[in-house]
Structures are given as structure tokens and as C-alpha cells.
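The structure appears right after this line, and notes come after that.
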Amino acid sequence: MSGVNVVSGVSGMSGVSGISGVNGAEQVPAARLYVVDDDAAVCESVSWLLASVGVETTIFHSGGEFLEHYQGDHPACVILDVRMPQMSGTRLQQELAAFAPHVAIIFVSAHGDIKMSVRSMQRGAIDFLEKPYEPQYLLDVAQVGLDKARTMYIEHVQREELQRRLDTLTPREREILTLVVQGLPSQNVARRLGMSVKTVDVHRTRIKSKTDADSINTLVRDILLYRPKGFFS
């Protein structure tokens, strides 16, 4: 791809490890580190620094180029300049939030201020650095970013899988499960919905089967952990 440079080293990931899904296992792709900055000299210096400790980077000189390349299908940490022509770093952050909220973003800027850094952190950035960088600190933050990217990706995959399973439930099953998540036992659910306890228990059995959960309790635990759509206001 035009405008893309890869600086190679030993990957910052220690191989591919297995993760437990909501009720299964998947393989986690290696986390990748990207540098998105319109300043070619800065990109090259950052990539050289990271390559010196064995971390491979891929360079893009605009947010648009990065979005053409990245599909959200692997853990990613992005060292991202705030101010760039056409698409700013904060705009790219918003675009990523729509389809890849698991991306770990480290903002950098030669014109940073407290207000800007606070706003970027509130939107999910993991750090905000001012140019010129302190080399060792950048290396430390990049490694934290790779680790964070892996964790965020795993959580994203598990959240999406849980959502997919919950979407198979009927409106009545979802209504019952919502009350169970709120802590109501079957007797109270039956009273609330005007049905027998036996009917509630039949629905609970179907919910467990359709979501492939080990138990209703583990399903409730996963819902509280990953907070899927439709269960919390």
C-alpha cells in the first residue's frame, strides 16, 4: 500500500496464546503497533527507536490511510498525532470507536494542553505525550499500549460473542433474563410477569440452552462483566 512503511523487529507479542471466550476458546492475533503522523521524520525516528528494542511498527501519514488498512480484526496500539491535515487524530479516534473500540491509542502532540489531554483520555486514550518524546518513556508507554491492546481486544471479542448469543433470545426470554440479572428469583419474576414459576423455569432452561451458557449464574456474571446492549440504562 502506498504511504505505508514497516520497520521490522521481533514482535512485541510473545507468540499467540489461547483465550477463553464467553463459553469457548479463540486464538488471539498478535498485537500490532502503528504510528500515524503526517511528519515523516517523526515517524521514522519513533519506528527506529521501537525497532531498537525489537518492536515492529507500521507507519501511516494520515488517518485515512490507516482506516483503509485497519479492519479491527486484531489487537492494535496506535501512536497518533493529534493535529494532522484532512483528518485529525481526535477524529480518527471517533471513527475507530464506531467499529474498533478496542484499539489502544497513545496521543502525541507538539501543541498539547491540559484540556486536550483530559478530553482525549476521557474518550478512551491510554496516554498523551508531548513532542519531543523522552525516549525511555515512549518505549515504556508503547509496551503498556501493546499489553492493553491485547486485553481490550479479548474483552471486545468476548463482549461481541455474548451479544450475538443474547440476540438469539425472544423478547419474553430477554425480559425474564433482565429481571434475573436484577437479582430477582423465579418466584418474584413469575409474580412480576403474571405467570407460573414453572413457566419461568422453562424459559430459564431455554435461555441457558440458546446462549450455550454453563449456567444461568455464569450468564448473569458475563452480562454484569461485559454489559451488553439492552440490559442497562
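These values consider heavy atoms only, across backbone and side chains, with no hydrogens, waters or symmetry-generated copies. Owing to the predicted nature of the structure, the values given are computational and were not obtained by experimental measurement.
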Lys/Arg N to Asp/Glu carboxylate O, [X] vs [Y], below 4.0 Å:
| X | Y | result |
| --- | --- | --- |
| Glu161 | Arg165 | yes |
| Asp147 | Arg150 | yes |
| Asp222 | Arg227 | no |

- Message: Cation-pi check for Tyr226 against Arg159: NZ or CZ below 6.0 Å from the six-membered ring centre and within 45 degrees of the axis, yes or no?
- Response: no

Nearest heavy-atom neighbours spanning [X] and [Y]:
| X | Y | answer |
| --- | --- | --- |
| Ala104 | Gly145 | CB-O, 3.7 Å |
| Pro85 | Asp38 | CD-OD2, 3.4 Å |
| Pro29 | His74 | CB-CB, 3.8 Å |
| Ala76 | Ala149 | O-CB, 3.4 Å |
| Ser186 | Arg204 | OG-CD, 3.4 Å |

Indicate yes or no for a side-chain donor-acceptor contact from [X] to the backbone of [Y] under 3.5 Å, with no hydrogens or angles considered.
| X | Y | result |
| --- | --- | --- |
| Lys208 | Ile216 | no |
| Gln93 | Ile105 | no |
| Ser45 | Val42 | yes |
| Ser88 | Met84 | no |
| Ser209 | Thr205 | no |
| Thr178 | Arg174 | yes |

Kindly compute the distance separating [atom1] ([X]) from [atom2] ([Y]), expressed to the nearest 0.5 Å.
| X | Y | atom1 | atom2 | value |
| --- | --- | --- | --- | --- |
| Gln187 | Leu184 | CD | CG | 10.5 Å |
| His102 | Met152 | NE2 | CE | 8.0 Å |
| Glu175 | Thr170 | CD | OG1 | 9.5 Å |
| Thr57 | Arg32 | OG1 | CZ | 13.0 Å |
| Asp81 | Ile106 | CG | CD1 | 13.5 Å |
| Ile79 | Asp37 | CD1 | CG | 10.0 Å |

- Query: Between Asp73 and Tyr153, do the side chains contain an N or O donor and an N or O acceptor separated by less than 3.5 Å?
  - Reply: no

- Message: Are His69 and Phe60, when compared by the centres of their aromatic rings, separated by less than 6.0 Å?
- Response: yes

- Message: Suppose the criterion is salt bridge (charged side-chain N to carboxylate O under 4.0 Å, His left out): which pairs have a residue in residues 181-191, not counting sequence neighbours?
- Response: none

- Query: Would the number of heavy atoms belonging to other residues, nucleotides or ligands and lying under 6.0 Å from CD of Gln86 be above 12?
  - Reply: no

- Query: So Phe128 and Phe107, would you call those rings parallel, tilted or perpendicular, with 30° and 60° as cut-offs?
  - Reply: tilted

